[in-house]
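Worksheet for the structure shown next.
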Amino acid sequence: MKLLTDKIEREGIVLGNNVLKVDSFINHQMDPQLMNEIGLEFARRFKDAGVTRILTIESSGIAPAIMAGLAMNVPVIFARKRKSLTLTSDLYTSTVYSFTKQESNEITVSKKYLLKEDRVLIIDDFLANGQAAIGLADLVEQAGAEVSGIGILIEKSFQPGADEILKKGYRLESLARIASLQDGKVKFAADREVQSIYSGGY
Ligand code: G4P
């Protein structure tokens, strides 16, 4: 998605060889116009997937998920990472290990908002090791519902998450794919469809 890759080029800051700081438009300050376009783009990409509900995880997944929910006219639920005062019983729970932070989080959603009839689109801001997306898919499957796809804003293709998700058979759509962050520079990878046409066709 050109709007997003342009924004990353203009405002993204590379930290070390692994981390892209996007605090000016995703992770701290947020860009509503960009989020709106991202919501519309997910709606376009998943228009034939029969999505009935969107699931994300707090906190940075919420903005793109709500815009996608608006564009697709479906409800949006976010998994919690911390215990809630009011959300105490009838929960689906999964454990997500963050390699980046070296800690485990219990993620939860209320059973009330994930139904077995649901076809769920999972949305998150970053895909690194894939543990958050896999944990969210686990919550969907505990409910007996179906994962209709996983939509990511920024995929770090040099980390294992994307391959893990594709290996599990989920449909993955990433709006920006980063091939490397070496030497302080963002190098983008081609869209997956374009890439597979070239690698399959020659
Ligand atoms: P994984 O879910 O793909 O396994 O990722 P990992 O454990 O490595 O990531 C932990 C947190 O760090 C997640 O956010 C993830 O979005 C974020 N993250 C991973 N790589 C990058 C990066 O290059 N840049 C930025 N800005 N974030 C990255 P979180 O802790 O859940 O944060 P939030 O959603 O509350 O903001």
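This structure is a prediction, so every number in the text was calculated from the model and none was measured. Counting starts at 1 for both ligands and their atoms, following the listed order.
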- What do you reckon, does Val19 have a nitrogen or oxygen under 3.5 Å from a nitrogen or oxygen of ligand 1? no
- Option with minimal heavy-atom separation from atom 3 (O) of ligand 1, where the choices are Gly130, Gly12, Ala162, Ser98: Gly130
- Task: Test salt bridge (Lys or Arg N to Asp or Glu O under 4.0 Å) on Asp6 and Lys2 and set out the steps.
- Result: CA-CA 6 Å; Asp6 284 353; Lys2 189 165 182 323; 2.7 Å; yes
- Task: Work out which heavy atom in Asp191 is nearest to a heavy atom in Arg177; give both atom names and the distance.
- Result: C-NH1, 4.1 Å
- Would you call Asn18 a ligand 1 contact, heavy-atom distance under 4.0 Å? yes
- Does an N or O from Tyr97, backbone or side chain, lie closer than 3.5 Å to an N or O of ligand 1? no
- Message: Under a 3.5 Å threshold, yes or no: a donor from one side chain and an acceptor from the other, between Ser24 and Gln29?
- Response: no
- Task: Show the numbers, then the answer: is there a side chain to side chain donor-acceptor pair (under 3.5 Å) between Ser98 and Glu103?
- Result: CA-CA 6 Å; Ser98 168; Glu103 64 182 30; over 6 Å; no
- Message: I need the minimum non-hydrogen distance between Thr93 and Gln142, along with the two atoms involved.
- Response: O-NE2, 3.0 Å
- Message: Regarding Glu155 and Ser157, do their side chains bring together a donor and an acceptor under 3.5 Å, going by distance alone?
- Response: yes
- Query: Any N or O on Ala128 sitting closer than 3.5 Å to an N or O of ligand 1?
  - Reply: yes
- Query: Can you list the atoms of ligand 1 that are under 4.0 Å from a heavy atom of Asp125?
  - Reply: 16 (O)
- Item | atom 35 (O) of ligand 1: nearest protein contact (heavy atom, Å) | Ser59 OG, 2.9 Å
- Does NZ belonging to Lys21 count more than 12 external heavy atoms closer than 6.0 Å? no
- Do any non-hydrogen protein atoms sit less than 4.0 Å from atom 5 (O) of ligand 1? yes
- Query: Quick one: which ligand 1 atoms are inside 4.0 Å of a heavy atom on Asn129?
  - Reply: 1 (P), 3 (O), 4 (O), 5 (O), 8 (O)
- Message: Considering non-hydrogen atoms of the protein only, which is the closest contact for atom 14 (O) of ligand 1, and what is the distance?
- Response: Lys101 NZ, 4.7 Å
- Message: Testing the basics here: between Ala68 and Ile123, what is the closest heavy-atom pair and its distance to 0.1 Å?
- Response: CB-CD1, 3.6 Å
- Query: So, Ser174 side chain and Ile152 main chain: donor-acceptor pair closer than 3.5 Å or not?
  - Reply: no
- Task: Just say parallel, tilted or perpendicular for the rings of Phe46 and Phe42, cut-offs at 30° and 60°.
- Result: tilted
- Note on the structure: min-distance protein heavy atom vs atom 15 (C) of ligand 1 -> Phe126 CB, 4.1 Å
- Specify the protein heavy atom at minimum distance from atom 36 (O) of ligand 1: its residue, its atom name, and the distance to 0.1 Å. Ser60 OG, 2.7 Å
- Item | Protein heavy atom at shortest distance from atom 8 (O) of ligand 1 | Thr100 OG1, 2.2 Å
- Side chain of Ser148, backbone of Val120: donor and acceptor closer than 3.5 Å? yes
- Among non-hydrogen protein atoms, atom 29 (P) of ligand 1 lies closest to Lys81 NZ, 3.5 Å
- Item | Option nearest atom 23 (O) of ligand 1 (shortest heavy-atom distance, choices Lys156, Lys21, His28, Gln102) | Lys156
- Are Glu9 and Lys7 close enough for a salt bridge, meaning some N to O gap below 4.0 Å? no
- Query: Backbone or side chain, does any N or O of Ala132 fall under 3.5 Å from an N or O of ligand 1?
  - Reply: yes
- Under the 4.0 Å line, does any protein heavy atom show up next to atom 25 (C) of ligand 1? yes
- Item | Residue Phe99 vicinity, atoms of ligand 1 by number, heavy atom under 4.0 Å | 7 (O)
- Item | Gln131: numbered ligand 1 atoms lying under 4.0 Å from its heavy atoms | 1 (P), 2 (O), 3 (O), 4 (O)
